[in-house]
Amino acid sequence: MLKYLIMMTCLVLSACGTDSSSPSTSFPTGPFDLESLNWTQTNGTYFLVVGGGSSPKSSQLTLEYNLELFSELTQTYGHSDAFDTYLFGAGHQKNELDVKEKLSNLSDMDQELLMLYHNESDAITTYRHNHLEGILNGSSYRNNVLSALQSISQNITSQEDKFRFYFTGHGSPETTEEKHYHNNKFHLWEDTEINVQDFINALDQFPKEVPTQILMVQCYAGGFARLIYEGGKSQNGLRPHNQCGFFASLPSETSAGCSPSLKKRKEYSQYFFSAYRKHTEEGETVQADANLDGIITSNEAHAYALVADESIDTPITTSDFLLINHPDIETPKNHEKQPIVNWIQTMDPLRQKVVDGLSKSLNLEITPMLNLKDIKEHGKNFVEIESKALQEVYPNTKDKYEELKKNLMTPIHEQYPNIFHTSPAFENLPFWKRNFFYALLTNHPDYTELSQTKAFLENTLIPDFEKYENQIAYYQRLITLILVEMYKQELLKSKDAALKNKFKQLVACEDQSYF
């Protein structure tokens, strides 16, 4: 929708995709280390929470942290842990490293010494086994995830039961030349994976009437909104199951949030769960109960996230996907030239509040004559002005920093080879050596200029670019909301009763509480 805006810049600072290694296309069996899931009671909400990367390199600290926060939240809502299943990384295999984190509380000296390393980020990265022993049921192997889904589906026997699935990890698009994003994947431990069709096959095992909510925050997560279709394909028809989902990104887009540091943490589920927690992770009060009925629903949590999420994410729901994707819903004629107030007036009050919040964040006045074309032009102008400034300054500053760094590093590396290639670096560098190399660094004639250039990059340019990317996401979220409403009005004109009923089912499912 706003793709042409995003394509004007190639800088992506934070995205929750895959690591540099290609995932295996064959699935190793792997050990079944899933603890026994023999529930003794029914009539509850069953949670399956899966997190981590496909290898230690892609299993960032924030992914582990999301499981910890989720566990705390289920307790806040009074759920019995007897219904919870948590799978992460290597699971209980304590000899395996499955969490990547940055060293914290670095001294000023250590911060300066980073400039002597080829990869500054890797220099302060360390690996450890997860700290989730108290809640884990096993590792996040593909087989364990599918086995857990099967076990839960077999245990659910009552219409009063509910199922909730949360995935916090990495994803990738369908690997075809044309990349239609119809069979995207989420990645699991030891380079295993589950694609859209695999996931739908597993969900088919659940009783059709059981209320199910799916929450996914990986890159290309929106591809899993295809769970509304048999086998994930619209030509196969709509699935009858009472299953809906919330996804951090469009099917063709990356998402934010994977970091080895908790200091840099902005991603969709963080805001989604803050709505349920009623406060942010920093302790600020969150009022997401839009209709003031005392109950937070996932639709309300999603609405809060759309406005509050300061990242690159463009989240969508299954009902959104149905409206903008289904082949039998036509695009309204002259839709870009019609005043958007016509569409805002037909929105439900919750989405009207989201439009109001996004437009204020964009300093965009909703006038009676404002149309979709105007919003896109407004966004295009923003990109042209902001990206021009960033693209002129950022590359030049980055090149300058790299050149100064090379001039400083080369003689030191030639005299002391291999010392600054190890990782994690500061665990292998004795304190007396730190003092020695710090003196070499600070006495170099380029040191002052190098230090100032690095500070300008880290404290000014990179934060400016992150704000710029977030503004682009606000435009894309606003345009998506308006398009969804346009298609909704077209659906209401339709004589396709089955399609209308499916849309109503999805909206009702999304309007339930996750907890």
Side-chain angles (χ1 to χ4, degrees), residues 16 45-51 66 70 145 149 152-153 162-169 171 173 181-186 194-206 208-234 238-253 255 257 267-269 271-273 275-276 296-306 309 313-326 477 480-481 484 502-515:
C16 209
T45 301
Y46 292 79
F47 294 102
L48 175 56
V49 185
V50 182
N66 281 345
F70 190 93
V145 175
L149 285 167
I152 295 171
S153 68
K162 299 176 183 178
F163 175 56
R164 303 293 186 253
F165 179 86
Y166 173 40
F167 178 74
T168 172
Y181 307 99
H182 288 177
N183 202 25
N184 294 354
K185 314 162 188 175
F186 62 87
I194 289 177
N195 61 31
V196 169
Q197 292 180 15
D198 295 332
F199 192 60
I200 291 174
N201 289 340
L203 292 178
D204 281 341
Q205 301 172 89
F206 285 77
K208 294 179 176 62
E209 68 278 3
V210 172
T212 297
Q213 287 187 0
I214 308 297
L215 178 63
M216 291 181 161
V217 297
Q218 75 275 16
C219 284
Y220 312 100
F224 284 81
R226 303 190 74 84
L227 64 86
I228 61 178
Y229 298 123
E230 295 284 1
K233 299 177 181 179
S234 59
L238 297 164
R239 294 176 67 243
H241 294 70
N242 187 15
Q243 299 170 350
C244 61
F246 300 84
F247 310 92
S249 60
L250 298 171
S252 59
E253 301 290 344
S255 60
E267 56 94 7
Y268 174 67
S269 66
Y271 298 92
F272 186 89
F273 290 133
Y276 279 105
I296 304 295
T297 65
S298 291
N299 204 22
E300 289 174 324
H302 174 73
Y304 167 75
L306 283 174
D309 186 350
D313 295 341
T314 303
I316 61 167
T317 68
T318 37
S319 62
D320 294 337
F321 184 84
L322 175 69
L323 291 170
I324 62 180
N325 177 77
H326 197 74
R477 294 173 202 173
T480 301
L481 279 172
V484 163
K502 184 61 182 179
F503 175 72
K504 291 178 181 178
Q505 181 194 53
L506 291 172
V507 171
C509 176
E510 292 162 3
D511 204 33
Q512 296 181 3
S513 172
Y514 196 88
F515 296 95

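Excluded from the calculations below are hydrogen atoms, water molecules and symmetry mates; all remaining heavy atoms, backbone and side chain alike, are included.
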Task: Any donor-acceptor N/O pair, Ser255 side chain to Val217 backbone, under 3.5 Å - done: yes
Task: Ser234 side, atom OG; Ile228 side, atom CD1 - distance, nearest 0.5 Å - done: 8.5 Å
TODO: Evaluate the ring planes of Phe165 and Phe199, with Trp represented by its six-membered ring, and classify them as parallel (under 30°), tilted (30 to 60°) or perpendicular (over 60°).
DONE: tilted
Task: Sole residue of Gln213, Lys502, Glu510 in side-chain hydrogen bond (donor to acceptor under 3.5 Å, both in side chains) with Thr318 - done: Glu510
TODO: Take Arg164 and Leu215, measure what side chain to side chain contact (heavy atoms under 4.5 Å, CB included) needs, and give me the verdict at the end.
DONE: CA-CA 8 Å; Arg164 303 293 186 253; Leu215 178 63; over 6 Å; no
TODO: Of all the heavy-atom pairs spanning Ser153 and Gln205, show the shortest one and how long it is.
DONE: OG-CB, 3.6 Å
Task: Sub-6.0 Å ring centroid separation between Phe515 and Phe47 - done: yes
Open item on the list: For Arg477 versus Leu306, what's the shortest heavy-atom pair and its separation?
Closed with: NH1-O, 2.7 Å
Open item on the list: Within the 4.5 Å heavy-atom criterion, are His241 and Thr212 side-chain neighbours or not?
Closed with: no
Open item on the list: Working to the nearest 0.5 angstrom, can you tell me the gap between Ser249 OG and Asn184 CG?
Closed with: 8.5 Å
Open item on the list: So His182 and Val196, do their side chains get closer than 4.5 Å, heavy atoms only?
Closed with: no
Open item on the list: Any heavy-atom pair between the side chains of Ile316 and Pro251 that's under 4.5 Å?
Closed with: yes
Open item on the list: I need the Asp511 CG to Leu506 CG distance, nearest 0.5 Å.
Closed with: 12.5 Å
Open item on the list: Can you give me the closest heavy-atom contact between Arg226 and Tyr181, atom names plus distance?
Closed with: CD-O, 4.3 Å
Task: For Asp313 against Tyr268, the heavy-atom pair lying closest together - done: OD2-N, 3.2 Å
TODO: Give the C-alpha distance, both sets of side-chain angles, the deciding distance and a yes or no for side chain to side chain donor-acceptor pair (under 3.5 Å) between Thr314 and Glu253.
DONE: CA-CA 8 Å; Thr314 303; Glu253 301 290 344; over 6 Å; no
TODO: Drop me the distance from Thr168's OG1 to Met216's CE, to the nearest 0.5 angstrom.
DONE: 11.5 Å
Open item on the list: Is the distance from the ring center of Tyr514 to that of Tyr166 below 6.0 Å?
Closed with: no
TODO: Would you kindly say whether Glu267 and Ser269 are connected by a side-chain donor-acceptor distance under 3.5 Å?
DONE: yes
Open item on the list: Could you tell me if Tyr229 and Asn325 have a donor-acceptor pair between their side chains, going purely by distance under 3.5 Å?
Closed with: yes
- [ ] Report the distance from atom OG of Ser513 to atom CD of Glu300, rounding to the nearest 0.5 Å.
- [x] 9.5 Å
TODO: Check the pair Asp320 / His302 against side chain to side chain contact (heavy atoms under 4.5 Å, CB included), numbers first and verdict last.
DONE: CA-CA 12 Å; Asp320 294 337; His302 174 73; 4.3 Å; yes
- [ ] Verify, without hydrogens or angle tests, whether Gln197 (side chain) and Lys233 (backbone) share a donor-acceptor contact under 3.5 angstrom.
- [x] no
Task: Flag side-chain contact, heavy atom, 4.5 Å: Phe272 against Asp309 - done: no
Open item on the list: Working to the nearest 0.5 angstrom, can you tell me the gap between Asn299 CG and Cys244 SG?
Closed with: 9.0 Å
Task: Backbone N/O of Asn195 and side chain of Asp198: donor-acceptor pair under 3.5 Å - done: yes
TODO: Of all the heavy-atom pairs spanning Ile214 and Leu227, show the shortest one and how long it is.
DONE: CG1-CD2, 4.0 Å
Task: Given Tyr276, Phe167, Phe273, the one that forms ring pair (Phe, Tyr, Trp, His ring centres under 6.0 Å) with Phe70 - done: Phe273
Open item on the list: So which atom in Leu238 and which in His326 form the shortest heavy-atom distance, rounded to 0.1 Å?
Closed with: CD2-CE1, 4.4 Å
